[in-house]
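Excluded from the calculations below are hydrogen atoms, water molecules and symmetry mates; all remaining heavy atoms, backbone and side chain alike, are included. Order of the sequence lines sets the chain letters (A, B, ...), proteins ahead of strands, with each chain counted from 1. Quick caveat, the model's predicted, so the values are computed rather than measured.
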2 protein chains.
Amino acid sequence: MAANKFFDIYTQLKDEVREGIYNDTMLLPTELELVERFKTSRNTIRRAIAELNNEGLVHSVKGRGVVVLETSKVDKVFFRTGNFHGLKELSSYNEISTSSKLIDFTELTVSEALAELISFHAGERIYKIERLRVINGKKMMYDTSYFKKSILGPIDKKVATGSIYAYIDTHADFKIAASKSIMKVVSANAHDFTNLDLGENNCVGEIENITYTDNGRLFEHTFIRYIPNEYVMVSFAQH
Amino acid sequence: MAANKFFDIYTQLKDEVREGIYNDTMLLPTELELVERFKTSRNTIRRAIAELNNEGLVHSVKGRGVVVLETSKVDKVFFRTGNFHGLKELSSYNEISTSSKLIDFTELTVSEALAELISFHAGERIYKIERLRVINGKKMMYDTSYFKKSILGPIDKKVATGSIYAYIDTHADFKIAASKSIMKVVSANAHDFTNLDLGENNCVGEIENITYTDNGRLFEHTFIRYIPNEYVMVSFAQH
DNA sequence: GAGTGGTCTAGACCACGGT
DNA sequence: CCGTGGTCTAGACCACTCC
């Protein structure tokens with residue numbers, strides 16, 4: 001995809017790790033050997049290896065080398081059981097699938113009460129969009145999203161029904177830069193019991209998701225509430 | 001702490017962002033200006049700025065500059081409501097606080113059934129440790145941990161009662177390198193109802209946490225089950 | 001076109017691991 | 001002690017944003 005040298009090297013090394021060319025617990029070739037092999041500078045090699053570290057495939061140890069991490073059950077779970085692809089796709093990006101239905105679309109002004117709840121200031125003009133995700137007839141996930149109108153510009157119900165983010169890509173003069181998430185387990189409220197197929201369960205998972213534009217401005221604040229036993233989140237941390 | 005140049009610059013810029021010297025939505029000084037100011041090379045400046053990006057404080061845009069992200073409610077939540085400090089401290093590191101009690105400590109061999117559940121192979125000799133965290137008399141969190149004996153070496157109940165990780169720091173010849181986590185919301189089982197003060201709730205949060213040594217070997221596999229409404233996890237992602 | 005961040009090079013020195 | 005990864009330098013060129 002990218003014609004970046006470091007990215008190509010990263011991809012190649014990743015494949016080789018995945019194929020088991022370097023066994024679990026073994027070392028990658030040293031940086032100097034990789035410099036030889038890829039005919040590039042050491043910094044570029046290091047950039048590629050840094051990427052492997054971030055992904056949780058290897059761990060660099062000063063004075064020893066680059067250790068390949070044993071594979072675990074977790075690695076197999078990565079793109080399964082429901083739909084949370086790690087955390088990156090947690091914003092509205094993928095929420096609009098064929099199985100996602102628009103429940104409500106309104107324009108309103110942020111009240112003092114709502115300002116307490118979300119990261120927008122009172123008086124700000126916003127769109128509120130509620131959506132329901134149904135899979136195999138089961139109500140799995142309910143989203144309540146707030147978008148700043150001052151950033152998004154005027155939209156109609158048709159846009160809200162489709163993908164807001166596809167609309168931004170083609171019609172807006174800004175990009176989505178980053179997002180932050182808060183994840184909790186909470187007791188279900190009356191809304192949850194009617195909006196979701198909870199069965200015997202009386203709790204839901206909640207993910208609060210804040211999205212930034214590439215101007216550093218808060219753009220979207222979304223609450224995702226989902227039923228137990230269907231979704232999984234995965235993360236990796238280096239010490 | 002670290003006498004690394006890039007780390008000092010990162011810390012200083014971070015403070016300045018926090019103090020609002022660069023307002024939300026404004027730009028940081030350009031890389032060349034920072035090179036001037038800190039009398040260093042551009043790569044070092046870039047390393048510091050990369051750190052700020054990872055932390056979710058700024059976002060670099062090619063051709064424009066380094067944008068400071070608006071602060072949000074999420075930022076204030078970071079170290080509150082319970083005890084999950086982001087994800088880094090999720091392994092056993094901090095679980096052994098004054099309020100954490102050892103419930104069970106046994107040595108056993110991984111059965112075929114257990115091997116299905118955790119990332120260790122059948123036949124492996126392991127320690128199983130169960131702990132309960134009580135806060136203000138409330139049973140909040142229940143941990144079931146499995147440690148590879150072949151890596152940890154022989155330990156007794158006294159070590160298990162204290163901090164395993166403090167023990168490793170001082171007595172073991174390996175370090176903890178990385179960890180992976182899976183987070184879910186699941187229906188409570190009979191164990192949960194007796195082990196935790198669930199109140200009216202019939203679900204729990206579960207975090208499965210896998211820890212690696214700096215030799216790339218799976219070392220610990222822990223299941224944390226906790227009550228609703230008390231804990232929060234925060235994450236940040238760049239697009 | 002001027003200025004920005006992104007990639008890359010070719011070198012240097014240091015801190016640590018293992019022998 | 002040697003070899004490893006970690007930090008840092010001083011430069012170059014490119015891709016992008018904005019005027």
(Q) I'd like the 5' and 3' limits of the part of DNA chain D contacted by chain B, with heavy-atom contacts below 4.0 Å. (A)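 Boundary nucleotides touching chain B, in 5' to 3' order, are dT7(D) to dC18(D).
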Starting from [atom2] on [N], measure out to [atom1] on [X] and report it in whole angstrom.
X: Leu32(B); N: dG3(C); atom1: CG; atom2: P; value: 11 Å
X: Leu13(B); N: dG5(C); atom1: CG; atom2: P; value: 12 Å
X: Arg42(B); N: dG5(C); atom1: CZ; atom2: P; value: 7 Å
X: Leu27(B); N: dT4(C); atom1: CG; atom2: P; value: 10 Å

(Q) With a 4.0 Å limit, can you tell me whether Lys175(B) has a side-chain N or O closer than that to the phosphate oxygens OP1/OP2 of dG17(C)? (A)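 Answer yes for this pair, as a side-chain N or O of Lys175(B) is under 4.0 Å from OP1 or OP2.
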Q.
So, does Arg64(A) get its side chain near the phosphate of dC16(C), meaning an N or O under 4.0 Å from OP1 or OP2?
A.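 It does not, given that no N or O in the side chain of Arg64(A) lies less than 4.0 Å from OP1 or OP2 of dC16(C).
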Q. Under 6.0 Å between the ring centres of Tyr127(B) and Phe147(B)?
A.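 No; Phe147(B) has its ring centre 6.0 Å or more from that of Tyr127(B).
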Q: Answer yes or no: does atom NZ of Lys148(A) have more than 12 heavy-atom neighbours from other residues, nucleotides or ligands under 6.0 Å?
A: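 Count over threshold, so yes.
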Q) Within a reach of under 6.0 Å around CD of Glu36(B), are more than 12 heavy atoms found that belong to other residues, nucleotides or ligands? A)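 Atom CD in Glu36(B) is not crowded, with 12 or fewer foreign heavy atoms closer than 6.0 Å.
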Q: Classify the nucleic acid contact of Arg47(B) as base, sugar-phosphate or nothing, counting any heavy atom under 4.0 Å across all strands shown.
A: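 Sugar-phosphate only.
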Q: Find out whether Pro154(A) and Glu107(A) are in side-chain contact, i.e. whether some heavy atom of one side chain is under 4.5 Å from a heavy atom of the other.
A: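 Not touching, per the 4.5 Å side-chain cut-off.
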**Q.** Contact nearer the 5' end of DNA chain C, comparing Asn43(B) with Leu28(B)
**A.**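 This one resolves to Leu28(B).
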Q: Inspect the contact between Arg37(A) and Glu33(A) and indicate whether a charged nitrogen and a carboxylate oxygen are less than 4.0 angstrom apart.
A: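 No, no charged N to carboxylate O under 4.0 Å.
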Q. Any Lys/Arg nitrogen of Glu16(A) or Arg18(A) sitting under 4.0 Å from an Asp/Glu carboxylate oxygen of the other?
A.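 So Glu16(A) does not pair with Arg18(A) through a salt bridge.
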